[in-house]
Amino acid sequence: MALDPSEYTIQELGPAIQDIDDLEALEAILEAEKDGDNRKGAVTLIESRIEKFSEDAEEDGEIDLEEMSVADVANAIRGMNDPEELQALIDQEEAGKDRDSVKKQIQNRIDSVSGEESERDTRTPEEKYPELDHPTADKRHVRALEDGNYRDMWVYCETQQGELIDVSKEMLGKARELMDTYNDDYGEDEKVVAVLIGDDMDDLAEEAIAYGADVAVYLNDDRLERFLHKPYTEAFCDMCRGEGHPFGREDKQTYAWHGYDEPRYTVFPATNNGRDLSATVQAELDSGLASDCSDLYITKCTISNPAKTGEPGTKKEFDRILHMKRPDFSGFEYSTILCIDKPDREFHPQGASVIPGTFDVPEPDFEREGIVVEHDMPLDDEWFSVEVTEFDTLEGGVDLTGRDVIVALGRGIGGDPTTGIELGLDLVDAFEDADLGLSRGVITASYQFGGHVEQYVTEERQIGESGQVVEPPLYIAAGISGAIQHKVGMDEAETIIAINTDPEADIRDFCDFFIEGDLFEILPELTESLEAGELDIAALTDGGSLDD
């Protein structure tokens with residue numbers, strides 16, 4: 001057997017089986033898992049890997065393209081090395097559905113195995129098909145630079161009510177760490193540049209230096225007090241484009257510290273406004289974006305994709321690549337997004353948005369020196385066609401990140417949602433410093449709550465990939481299955497207690513204590529024991545037992 005699945009956690013098993021291309025070996029691993037721990041997540045993962053292989057194609061040596069998607073074709077021909085067999089597939093496709101995308105996949109494989117390179121057509125759609133109607137032909141489209149000069153990591157620092165929000169501080173700290181390592185590795189002196197846009201940003205620019213920026217560039221205008229897509233996008237791009245940029249302003253002020261065309265990297269918060277701005281800025285700069293990331297690191301990587309190398313059948317090493325890690329949609333693995341140039345196209349800045357709470361807030365150093373620059377640019381009145389005439393500010397808000405204990409509730413409350421919330425709040429009240437968290441399943445469900453608890457069921461209490469990320473000393477997850485989208489928001493907790501009626505729930509694989517049972521029965525018992533002083537939760541963090 002290629003590997004013993006019992007020696008791997010579910011998170012480790014995914015990458016381990018990716019290198020196994022033998023169908024019999026994968027089936028043996030699947031049987032070993034079913035005969036052993038029989039973890040639902042592990043079984044699903046192995047079966048998903050097996051599905052990538054077509055048993056029929058291996059048995060008859062024939063591929064029927066008629067019922068296959070483009071992705072199915074790409075997987076099926078991955079191991080084919082005979083150009084004649086591949087050409088026969090092109091002939092089959094032409095006689096059938098005649099899909100250009102399928103024929104291109106097969107032709108790319110022919111080029112790869114024969115060592116030949118098809119001539120790339122870099123013309124625009126308007127140039128390729130002049131006979132067609134192009135309703136968007138008159139729209140301005142900013143293309144990527146050619147032989148551009150890129151430097152520095154630019155961090156958009158979002159503010160609220162005159163203060164830097166925590167995720168802005170987190171990103172500055174992480175950017176400082178990344179660029180310090182980058183400069184050591186490559187013998188460079190590239191900077192962390194903080195970007196602040198709004199009204200009365202002077203003092204916050206100084207604060208950004210304290211949290212790790214080398215340069216803080218800010219733009220003040222009372223019309224920018226509230227976030228607006230168009231002026232914020234124009235301001236960010238105007239700040240980061242260098243002097244003489246082909247798509248920039250001719251009269252832009254000159255900065256001695258800024259001697260390049262565009263940033264090498266850009267980082268934004270994955271907040272409502274940050275997600276909007278990251279997309280519009282990266283589109284304006286004609287580059288890509290990895291959204292909702294949970295980790296960032298910079299290193300080199302080797303790529304064999306001919307679309308990136310320009311030479312089928314060969315590998316090429318790319319340097320200084322920002323690896324942007326985010327949970328994928330399988331529920332079991334992470335995907336790492338790369339933004340890599342093509343031979344005829346540059347993709348910079350390499351951009352990412354970061355889930356709030358992913359990184360630690362650094363300790364500020366107010367003695368730290370840096371460059372603070374007030375940016376000067378004209379703001380077109382047309383950019384303010386949308387006017388914010390009135391807005392409300394939520395009182396207080398919910399910040400779960402500093403609590404000692406989080407009691408989180410999931411879909412397990414579905415039998416009686418109102419009572420479920422009440423029981424969670426009772427347990428919260430039994431602790432000195434605790435608060436209530438919710439899974440996305442509760443937020444998006446159509447549960448009907450009694451009016452007295454409805455106020456607690458809000459998005460700001462959501463924990464997970466699209467919510468808050470918490471690291472409390474104690475995390476109690478009641479009725480939560482443990483999907484990866486929730487796991488990324490809480491798996492750094494020191495001690496995790498899970499309560500679930502399903503003994504095969506995914507959360508069992510990464511919790512410290514698992515209580516199999518109904519939360520409607522278990523939560524009241526925990527609350528009663530705590531209030532009576534009979535249950536010492538602190539002892540659990542030292543390796544105690546719920547039975548003590």
Side-chain angles (χ1 to χ4, degrees), residues 136 138-145 148 150 152-160 164-165 167-168 171 175 193-201 204-205 208 215-243 245-253 255 258 260-293 324 339 346-354 373-388 391:
T136 61
D138 59 339
K139 291 190 175 182
R140 183 178 72 96
H141 179 59
V142 177
R143 298 298 302 178
L145 298 177
Y150 309 103
D152 298 348
M153 177 173 284
W154 285 55
V155 179
Y156 171 63
C157 296
E158 185 174 342
T159 64
Q160 289 181 8
L164 289 175
I165 62 175
V167 66
S168 298
M171 293 188 305
V193 181
V195 176
L196 300 101
I197 303 171
D199 185 30
D200 196 20
M201 295 286 106
L204 295 183
V215 180
V217 186
Y218 69 93
L219 176 63
N220 277 339
D221 192 291
D222 56 8
R223 292 173 293 176
L224 298 173
E225 180 182 6
R226 305 289 297 176
F227 175 79
L228 294 169
H229 298 83
K230 181 64 173 177
Y232 270 59
T233 301
E234 294 287 350
F236 190 106
C237 293
D238 190 73
M239 289 174 173
C240 73
R241 285 172 173 153
E243 184 180 7
H245 193 289
F247 306 115
R249 284 190 297 126
E250 293 182 0
D251 59 345
K252 180 182 175 182
Q253 65 204 94
Y255 297 129
H258 190 312
Y260 48 90
D261 296 313
E262 291 176 359
R264 187 184 301 279
Y265 314 110
T266 51
V267 185
F268 303 82
T271 58
N272 289 337
N273 293 341
R275 287 187 176 106
D276 285 351
L277 185 64
S278 61
T280 55
V281 166
Q282 292 299 106
E284 177 67 18
L285 298 176
D286 201 31
S287 190
L289 174 72
S291 60
D292 293 1
C293 294
M324 299 166 279
C339 189
E346 296 179 20
F347 289 99
H348 282 81
Q350 301 174 47
S353 65
V354 175
V373 179
E374 181 174 8
H375 189 69
D376 181 30
M377 67 175 291
L379 300 178
D380 194 324
D381 289 338
E382 293 184 358
W383 298 347
F384 297 90
S385 57
V386 175
E387 181 181 358
V388 179
F391 60 88

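Predicted, not measured: the structure shown is a model, and the values here were computed from it. Worth knowing before you read on, the calculation uses all heavy atoms, side chains too, and leaves out hydrogens, waters and symmetry mates.
If you run side-chain contact (heavy atoms from CB on, under 4.5 Å) between H229 and each of L277, D276, V386, only D276 comes through.
Using a 4.5 Å heavy-atom cutoff, the side chains of D238 and L219 are not in contact. Between L285 and R241, the closest side-chain pair of non-hydrogen atoms falls below 4.5 Å. D376 has its side chain out of reach of E374: every pair of non-hydrogen atoms, C-beta onward, lies at least 4.5 Å apart.
Among residues two or more places apart in sequence or in another chain, the side chain to side chain contact (heavy atoms under 4.5 Å, CB included) test is passed with E225 by D199.
More than 12 heavy atoms of other residues, nucleotides or ligands lie within 6.0 Å of CG in D222, so this atom counts as buried by the packing criterion.
Note that CG of D251 is 11.0 Å distant from CD of E243, once rounded to the nearest 0.5 Å. The NE2 atom of H245 sits 3.5 Å away from the CD atom of E262 when rounded to the nearest 0.5 Å. Note: R226 CZ to N273 CG = 8.0 Å, rounded to the nearest 0.5 Å. Note that CG of L204 is 10.5 Å distant from OH of Y218, once rounded to the nearest 0.5 Å. Atom CZ of R275 sits about 4.0 Å away from atom CG of D292, to the nearest 0.5 Å. The line from NE2 of H375 to CG of L196 is 13.0 Å long, rounded to the nearest 0.5 Å.
We find that R249 and E234 are not joined by a salt bridge, their nearest charged nitrogen and carboxylate oxygen being 4.0 Å or further apart.
Using modelled atom types, one side-chain atom of Y232 and one backbone atom of L224 make a donor-acceptor pair closer than 3.5 Å. No side-chain donor-acceptor contact under 3.5 Å links Q282 to the backbone of S287. Here the side chain of D261 pairs no donor or acceptor atom with the backbone of G242 at under 3.5 angstrom. Looking at E158, its side chain never comes within 3.5 Å of a backbone N or O of P269 through a donor-acceptor pair. At distances below 3.5 Å, not a single donor-acceptor pair connects side-chain atoms of T266 with backbone N or O atoms of W154.
Pairing each heavy atom of V215 with each of V373, the nearest pair is CG1-CG2, 4.5 Å. D381 and R223 make their closest contact through OD1-NH1, 3.2 Å (heavy atoms, listed as atom of the first residue, atom of the second, distance). Between S291 and S353, the shortest heavy-atom contact is CA-OG, 3.1 Å. In terms of heavy-atom proximity, I197 sits nearest to F236 at CD1-N, 4.0 Å. Shown here for V155 and A175, the closest heavy-atom pair between the two residues is CG2-CB, 3.8 Å. Of all heavy-atom pairs between R264 and Y150, the closest is NH2-O, 2.9 Å.
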Walk me through it: do L228 and F384 pass the test side-chain contact (heavy atoms from CB on, under 4.5 Å)? CA-CA 8 Å; L228 294 169; F384 297 90; 3.7 Å; yes
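Judged purely by distance below 3.5 Å, without hydrogens or angles, the side chains of Q253 and Y255 pair a donor atom with an acceptor atom.
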